[in-house]
Every structure is written in C-alpha cells, then in structure tokens.
Amino acid sequence: MDNKKDIIILGIESSCDDTSAAVIKNGVLLSNIIASQKVHEAYGGVVPELASRAHQQNIVPVVDQALKQAGIDRNELSAVAFTRGPGLLGSLLVGTSFAKGFSLAAGIPMVEVNHLQGHVLAHYIQEKEVEFNPPKFPHLSLLVSGGNSQIILVKDHLEMEVIGQTIDDAAGEAFDKCAKVMGMPYPGGPLIDRLAKEGNPNAFEFSKPRIKDLDYSFSGLKTSFLYFLRDQLKENENFIEENQADLCASLQKTIIDILLNKLIKAAKQTGIKEITVGGGVSANSGLQNALRAEAQKRHWNMYIPKFAFTMDNAAMIAITGYFKYQKKLFTGQDAVPFARMSIND
C-alpha cells in the first residue's frame, strides 16, 4: 500500500494510573507500551496527585518507545488520539496537554477518544499473525471496571447506547473495597481472583440487590460483606485468616451472579447473541469461565479480550482514533479533559 494512503495513529492513554502509548497502522497494532505506577500500593488506592506526577515522568519515554517499537517516524503519523475522559482530571490533563503539543509539533490533527468507547472497541484491534474475528453488529458489551459497570448496545463502531448501568458503585470497586476490608493490598481484585480458585464459592451467602430493569448496584453488597465480617470477628478474631479463600470465592461468585443476571436479561430482551466483555474486571478468571458457560448454554458468540487489552491501554485508544479518523472527527487545540463522561459524550 502507498504510504500516503496509510492511516497511522498514535494513541495516548492517561486516564488513571497507567501511562500508555500505542501505534496502529490501518487497524493493525504495531506497538502498545504501558508504564504502570507502583507508588499507589502503599496507600490502598490511587492517589490523584501522585498519578499526575508519574504521568509527567512517563509520557515522553513511553511515546518514544512506542514509536521505536513500531518502526514509525513521527512524520509518518496521520493523527494523535488521546483519552479526553472519563478519568482522573489531573492524569487526563497530562495526556491531553502532551497530545496538543505533539499535534502542533508534528503538524497532524488530534482525535479525542472516550475511554469507555475504547474498552468496547478493544475487540477490533488487529494483531500481526493473529486470527482476526471481531464481533458483528449489533452486539451487547458488558463493560466492567473499577469505575464502571454497564451493559451497552453497540450498533456500530461509534454508535453505542447504554441500556443498563450501576446506580452507585462499580463491580471493580466492590472487589477492591471488600479486599481492603479483609486486609488485602491494593489492587485487591486480582488477589481475590487468585484466592477464589482455592475456595468454596457456596461457603457464604451475601445479599444481592433487587434493582429494576437492567441497572446494577454494588453498594449493598459491600455493606453486607462488611457487617458479615464484623459479626464473625466478634466470635472469632481469626475468622478472615481461617476462611480467606472461601470468603474470596463466595464474594466473587456473588458479584459474577449479579453481573450475569442482568446480562442474560438484556440478551433475552434484545434477542442479541453477539456478546462482548471489556474493562479491567473482564480479566477475572471466574467471570470469564461463567461467561463461557453461559455462552455455551445460550448459544451466544462470546468475545473475551486478551489480558493486555482488558486493562487501560493505548491500543484501544488508537483503534478508536482510527475509526474516528476515517470519519474526519477531529478536535481542536481548545479541547479540555472531562473527569465524567457518558459513553456518547
């Protein structure tokens, strides 16, 4: 293909505590570099000020490494795509400001990307020498992360509708907060996933909310879990230590049941059998196994992203930027980041 006709997108992701840059050429991923921040572990959660400073330190070397690994010179780039939101405002500001400067210096347009759309479109990232089998439209996407739990009707690459969402806390937050109550380090979700494999998922029962339609709620589960532990610790101060694996397995099963109950309902209501999952919690092995089991039972075509694309990463920003570039959906130098955004903002 003539280089002049190639669409080469540099993607930048800085919505939370991972600084990432990726290069996509004609929809094919050439590089995806992620610099994670370990500084937050000591605080039991992400500290926004520390995250912003780490992004400032990481963004230049990460972008440089992404371009070198891709074998792409900045003069070959068609556009720079960046996460405008949602996320931590200070973190987003670093990526937005860098994108503005890079755009001016390279003489290329900017494409703003909604982080939530990026998670949904991670399934459309092509990789070299990897079979490409993307979801067909329309499909239902279960988006589950530390900040979001949504069921999205995806009609096209850039046409999406939220048909169910959490009215309070997200599934990922429930994992992390309950892990914290058990004295586990941050982030607690992956640790619960690992310990759950050794426990009995039916050992304990926790409350499941009764929320109308397709919406979610996880605040009641967190409260139920907290009170349950408080009562048990009165009887046995070593209760958590002695039952940790069973607690993790039972908690994980409860969260998965809540998520799947509404997803199954959405699939029945819409008649759609193309089902995708995305976001950090989609890396949970228990959720993946449950989704595969439901897919087999209900004849769904189930799409689970590879681990690298479940976390916050610039590849999903670059592929979203690629689709927006094709429609000439550019943004100006007056763009400002937003901490809160819906999927269609």
Side-chain angles (χ1 to χ4, degrees), residues 1-15 18-36 54-84 91-115 117-132 134 157-158 305-333 335 337:
M1 184 182 287
D2 186 339
N3 284 339
K4 291 182 180 179
K5 295 180 181 179
D6 289 339
I7 300 176
I8 306 175
I9 307 293
L10 169 65
I12 295 171
E13 156 61 18
S14 68
S15 65
D18 288 331
T19 314
S20 182
V23 177
I24 278 183
K25 180 178 180 180
N26 301 323
V28 179
L29 185 65
L30 302 184
S31 64
N32 187 31
I33 307 299
I34 302 173
S36 298
H55 282 303
Q56 290 176 326
Q57 293 174 338
N58 292 337
I59 195 161
V60 171
V62 163
V63 169
D64 182 60
Q65 192 175 349
L67 289 171
K68 285 179 178 174
Q69 189 177 103
I72 295 294
D73 186 271
R74 77 173 191 181
N75 296 323
E76 298 177 78
L77 293 170
S78 305
V80 53
F82 67 98
T83 303
R84 188 172 186 177
S91 295
L92 291 164
L93 194 58
V94 176
T96 302
S97 299
F98 182 89
K100 288 180 179 181
F102 194 96
S103 168
L104 287 172
I108 55 175
M110 291 194 302
V111 180
E112 64 178 75
V113 172
N114 184 311
H115 181 83
Q117 287 190 358
H119 275 304
V120 173
L121 295 179
H123 293 277
Y124 297 89
I125 300 168
Q126 296 183 56
E127 294 182 274
K128 290 181 178 178
E129 300 176 5
V130 175
E131 184 181 355
F132 184 53
H157 291 116
L158 301 174
K306 64 182 289 187
F307 180 78
F309 300 149
T310 61
M311 304 302 166
D312 293 346
N313 67 92
M316 69 184 196
I317 304 305
I319 193 65
T320 308
Y322 171 73
F323 293 126
K324 295 188 80 169
Y325 180 91
Q326 289 178 309
K327 293 183 178 292
K328 297 185 169 21
L329 297 174
F330 305 132
T331 192
Q333 287 286 324

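Sequence positions, counted from 1, serve as the residue numbers for this chain.
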Leu30 and Lys128: CA distance, side-chain angles, deciding distance, side chain to side chain contact (heavy atoms under 4.5 Å, CB included) verdict: CA-CA 8 Å; Leu30 302 184; Lys128 290 181 178 178; 3.5 Å; yes
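- Between Leu93 and His55 the shortest side-chain heavy-atom distance does not fall below 4.5 Å.
- Contact check on Glu76 versus Lys25 returns no salt bridge, with no Lys/Arg side-chain nitrogen under 4.0 Å from an Asp/Glu carboxylate oxygen.
- The nearest pair of heavy atoms linking Ser103 to Val80 is CB-CG1, 4.0 Å.
- Note that CG of Leu104 and CE of Met110 are 7.5 Å apart. Values are rounded to the nearest 0.5 Å.
- Applying the side-chain hydrogen bond (donor to acceptor under 3.5 Å, both in side chains) test to pairs two or more places apart or on separate chains, those with a residue in residues 61-72 are Asp64-Lys68.
- Side-chain atoms of Phe323 and Gln117, non-hydrogen and from C-beta on, never get closer than 4.5 Å to each other.
- In this structure, CD1 on Ile108 lies 10.0 Å from CD1 on Ile8, to the nearest 0.5 angstrom.
- At least one donor-acceptor pair closer than 3.5 Å links the side chain of Lys324 to the backbone N or O of Glu112.
- From Thr83, atom OG1 reaches atom CD1 of Ile12 across 9.0 Å, with rounding to the nearest 0.5 Å.
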Listing, residues 313-322 side-chain donor-acceptor contacts under 3.5 Å, not counting sequence neighbours, or none:
residue	atom	partner	partner atom	Å
Asn313	OD1	Ala315	N	3.1
Asn313	OD1	Met316	N	3.1
Asn313	ND2	Met311	O	2.6
Thr320	OG1	Met316	O	2.7
Tyr322	OH	Gln326	NE2	3.4

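- Across every non-hydrogen atom of Leu92 and Ser15, the tightest pair is CD2-CA, 3.7 Å.
- Looking only at side-chain heavy atoms (C-beta outward), Leu329 and Leu158 come within less than 4.5 Å of each other.
- The side-chain heavy atoms of Leu77 and Phe102, taken from C-beta on, include a pair separated by under 4.5 Å.
- For the pair Phe309 and Leu29, the minimum side-chain heavy-atom distance is below 4.5 Å.
- Taking each heavy atom of Thr96 and Pro337 in turn, the nearest pair found is OG1-CB, 3.8 Å.
- Between Arg84 and Ala335, the shortest heavy-atom distance links the atoms NH2-CA, 3.8 Å.
- Ser14 places a side-chain N or O within 3.5 Å of a backbone atom of Ser91 that can act as its donor or acceptor partner.
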As a quick check of understanding, evaluate side chain to side chain contact (heavy atoms under 4.5 Å, CB included) for Asn26 and Gln126, giving each step before the final call.
CA-CA 9 Å; Asn26 301 323; Gln126 296 183 56; over 6 Å; no
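- Between Thr19 and Ala54 the shortest heavy-atom distance is OG1-O, 4.4 Å.
- When all heavy atoms of Ala66 and Ala21 are compared, the pair lying nearest together is CB-O, 3.6 Å.
- You'll find the side chain of Glu13 stays beyond 4.5 Å of the side chain of Asp18, heavy atoms only.
- In this structure, OG in Ser78 is found 12.0 Å from CD1 in Ile24, a value given to the nearest 0.5 Å.
- Residues Asn32 and Ser20 form a side-chain contact, since some pair of their non-hydrogen atoms from C-beta on lies under 4.5 Å apart.
- At most 12 heavy atoms of other shown residues, nucleotides or ligands fall within 6.0 angstrom of atom CZ in Phe307.
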Exercise for review: Quick one: do Phe82 and Thr331 satisfy side chain to side chain contact (heavy atoms under 4.5 Å, CB included)? Show the steps, please.
Suggested key: CA-CA 10 Å; Phe82 67 98; Thr331 192; 3.8 Å; yes
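- With hydrogens and angles disregarded, no donor-acceptor distance shorter than 3.5 Å links the side chain of Ser31 to the backbone of Ala22.
- You'll find the side chain of Ile9 stays beyond 4.5 Å of the side chain of Val111, heavy atoms only.
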